[in-house]
Amino acid sequence: MPKISTIVPLYNGERFIRDAIESVLCQTFQDFEVIVVDDGSTDRGKDIVLAIDGPVKYLQQENCGTAVARNRGFLASRGEFIAFLDQDDRWYPRKLEIQTSLLGSNSELGTVYSDVDLIDELGNVLEHEYLKNRRLPDSESEFLSVFPKFPQPHPYPSTILMRRQVFSESGMFDPFFKENCHEDTELWFRIVGRKLGGFYFHPESLVQRRCHAFQGGQNQKAWDENWLICLQKLVELYSAEPLKNAHIKYLIKKLARMLSRQGKVLVSEGDIEEGRMYLKKSFELYPLYWKNLGRIVRSYLRVG
């Protein structure tokens with residue numbers, strides 16, 4: 001039985017998938033398996049994966065989204081520890097060695113993650129230690145400040161190594177998230193909320209995160225919709241935690257603002273009734289959000 005199962009979701013990723021898998025095969029820690037879950041690709045990704053020598057297992061499914069692909073990979077895995085790697089990212093050679101040592105030396109830790117270097121399409125480094133140097137928007141800094149478990153911005157999936165039990169007891173990724181955005185954020189905070197072991201941030205970059213024009217999360221509409229779903233789920237999660245009043249109050253305000261923003265967009269596009277429904281939901285959550293009140297009034301003036 002392998003110590004680590006590395007799960008790689010694949011969707012039309014022929015350009016970078018070999019590079020990603022080879023970065024696993026070149027690890028200094030060699031007790032692992034690689035499970036590639038093809039999420040309905042139409043390119044040559046399958047042929048590329050099957051041509052790679054090594055402990056690589058290939059699975060196929062209809063296009064259901066990254067969350068479902070990762071979950072399927074987990075259910076087919078056998079490792080004590082679980083790692084995720086996006087098809088366009090790659091690991092530095094000591095990634096698994098360092099993180100396995102961290103988890104092995106501290107039983108209270110459930111998940112470890114690291115900093116990342118940003119690379120371009122050709123693999124050239126654009127920025128070292130991105131998380132360390134990243135200046136967060138005020139809104140995101142405020143969001144993370146009420147969740148002190150995260151000493152740095154929440155983890156990228158490719159930086160994660162976690163205990164199998166943590167992922168299993170968390171309920172895995174929520175399959176409702178079809179697009180590749182925010183399904184990870186919701187999971188990390190669910191793990192924190194359910195107290196499934198601590199998070200540890202390793203400040204050294206162990207991963208290269210590739211920046212290119214075709215990566216997931218670039219669709220603004222999908223990003224907004226998934227962020228709205230994420231906030232709704234977090235409000236539901238933390239509303240059952242009476243000791244986390246600061247968390248729930250902040251989340252409710254953020255959710256109300258997001259609902260109002262979506263309502264404004266719908267009204268501007270002519271979908272008055274649907275937009276007004278979002279605006280009213282925002283009002284129910286946060287009646288003193290004056291900008292939303294103005295949007296409600298304007299939605300009626302627009303009809304007139």
Side-chain angles (χ1 to χ4, degrees), residues 2-9 16 19-32 34 66 70 73-74 79-120 123-136 140-141 144 147-164 166-167 170 173 180-189 191-192 196-211 215-217:
K3 185 77 170 179
I4 298 172
S5 295
T6 299
I7 299 166
V8 186
F16 303 118
D19 205 13
I21 294 175
E22 288 182 348
S23 77
V24 183
L25 300 179
C26 292
Q27 290 292 298
T28 56
F29 184 94
Q30 283 285 303
D31 188 5
F32 59 77
V34 180
T66 304
R70 290 191 182 121
F74 170 74
E80 177 185 350
F81 298 149
I82 303 298
F84 301 102
L85 176 60
D86 286 350
Q87 65 186 16
D88 43 7
D89 295 342
R90 61 190 187 190
W91 291 344
Y92 285 115
R94 296 188 63 222
K95 195 261 189 191
L96 294 182
E97 175 190 348
I98 291 171
Q99 292 187 321
T100 302
S101 177
L102 289 169
L103 283 179
S105 63
N106 190 337
S107 61
E108 294 184 0
L109 291 179
T111 305
V112 294
Y113 66 109
S114 75
D115 212 324
V116 297
D117 292 342
L118 302 184
I119 60 174
D120 64 15
N124 302 309
V125 176
L126 301 173
E127 182 177 351
H128 292 282
E129 298 180 336
Y130 171 68
L131 296 183
K132 175 183 175 182
N133 299 320
R134 183 183 177 196
R135 187 183 184 282
L136 294 175
E140 189 169 349
S141 295
L144 291 171
F147 298 98
K149 294 287 185 179
F150 296 108
Q152 289 290 334
H154 51 264
Y156 289 116
S158 294
T159 71
I160 282 285
L161 185 70
M162 65 170 55
R163 299 185 192 278
R164 183 180 193 87
V166 170
F167 188 65
S170 73
F173 287 101
N180 184 21
C181 48
H182 302 311
E183 81 286 348
D184 53 336
T185 303
E186 191 270 340
L187 175 62
W188 311 148
F189 285 114
I191 291 172
V192 171
L196 299 177
F199 277 74
Y200 176 80
F201 174 71
H202 181 72
E204 177 186 357
S205 291
L206 301 179
V207 175
Q208 291 183 332
R209 176 175 169 81
R210 198 182 302 267
C211 302
Q215 63 194 149

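Note that these values count all heavy atoms, side chains included, but never hydrogens, waters or copies made by symmetry.
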To the nearest 0.5 angstrom, please state how far the OG1 atom of T6 sits from the CG atom of L161.
8.0 Å
Could you tell me which non-hydrogen atom of S5 sits nearest to which non-hydrogen atom of G79, and how far apart they are?
OG-N, 2.8 Å
Are E204 and R94 within salt-bridge range, i.e. N to O under 4.0 Å?
no
Ring center gap for F29 and F81 short of 6.0 angstrom:
no
Atom pair CD1/CZ of I82 and F167 - distance to nearest 0.5 Å:
7.5 Å
Shortest non-hydrogen pair, L109 vs V112, comes out as CD1-CG1, 4.1 Å
E80/R164 ion pair, N-O < 4.0 Å
no
I'd like to check the side-chain hydrogen bond (donor to acceptor under 3.5 Å, both in side chains) partners of T28; sequence neighbours left out, ordered by chain and number.
E97
Run F201 and K132 through side chain to side chain contact (heavy atoms under 4.5 Å, CB included) and show every step you take.
CA-CA 11 Å; F201 174 71; K132 175 183 175 182; 5.8 Å; no
Determine whether a donor-acceptor pair (N or O, by modelled atom type, separation under 3.5 Å) exists between the side chain of D115 and the backbone of Y130.
yes
Any side-chain to backbone donor/acceptor pair from T159 onto Y113? Under 3.5 Å, distance only.
no
In chain order, what residues pass the salt bridge (charged side-chain N to carboxylate O under 4.0 Å, His left out) check against D19, with sequence neighbours excluded?
R90, R210
Please find the pair of heavy atoms, one from F32 and one from V24, that lie closest to each other, and give the distance.
CZ-O, 3.3 Å
Within 45 degrees of the axis of the six-membered ring of Y156 and under 6.0 Å from its centre: does R209 put its NZ or CZ there?
yes
Can you see which heavy atom on C26 is nearest to which on P93, and at what distance?
O-CB, 4.0 Å
Shortest non-hydrogen contact from L187 toward S170
CD1-OG, 3.4 Å
With a 4.5 Å limit on heavy-atom distance, are the side chains of Q27 and I4 in contact?
no
When rounded to the nearest 0.5 angstrom, what distance separates CG in L118 from CG in N124?
12.5 Å
Report the distance from atom OH of Y92 to atom OG of S114, rounding to the nearest 0.5 Å.
10.0 Å
Heavy-atom nearest pair, V8 first then V34, reads CG2-CG1, 4.1 Å
Separation between CG of D120 and CG of L126, rounded to the nearest 0.5 Å
5.0 Å
What's the spacing between F74 CZ and M162 CE if we round to 0.5 Å?
9.5 Å
Minimum side-chain heavy-atom gap F173-T66 below 4.5 Å:
no
Is it true that a side-chain atom of S23 and a backbone atom of A20 form a donor plus acceptor pair closer than 3.5 Å?
yes
Evaluation steps, side chain to side chain contact (heavy atoms under 4.5 Å, CB included), between V207 and K95
CA-CA 7 Å; V207 175; K95 195 261 189 191; 4.0 Å; yes
Would you say the side chain of T185 lies within less than 4.5 Å of the side chain of F189, judging by non-hydrogen atoms?
yes
Mind checking side-chain hydrogen bond (donor to acceptor under 3.5 Å, both in side chains) for N106 and listing every partner two or more places apart, or none if nothing turns up?
none
Donor-acceptor under 3.5 Å (N133 side chain, H128 main chain):
yes
Check: D31 side chain, K3 main-chain N or O, donor-acceptor pair, under 3.5 Å:
yes
Please step through side chain to side chain contact (heavy atoms under 4.5 Å, CB included) for the pair V116 and S158, ending with a clear verdict.
CA-CA 9 Å; V116 297; S158 294; over 6 Å; no
Side chain to side chain contact (heavy atoms under 4.5 Å, CB included) for I160 and T111? Distances and angles first, verdict last.
CA-CA 7 Å; I160 282 285; T111 305; 3.3 Å; yes
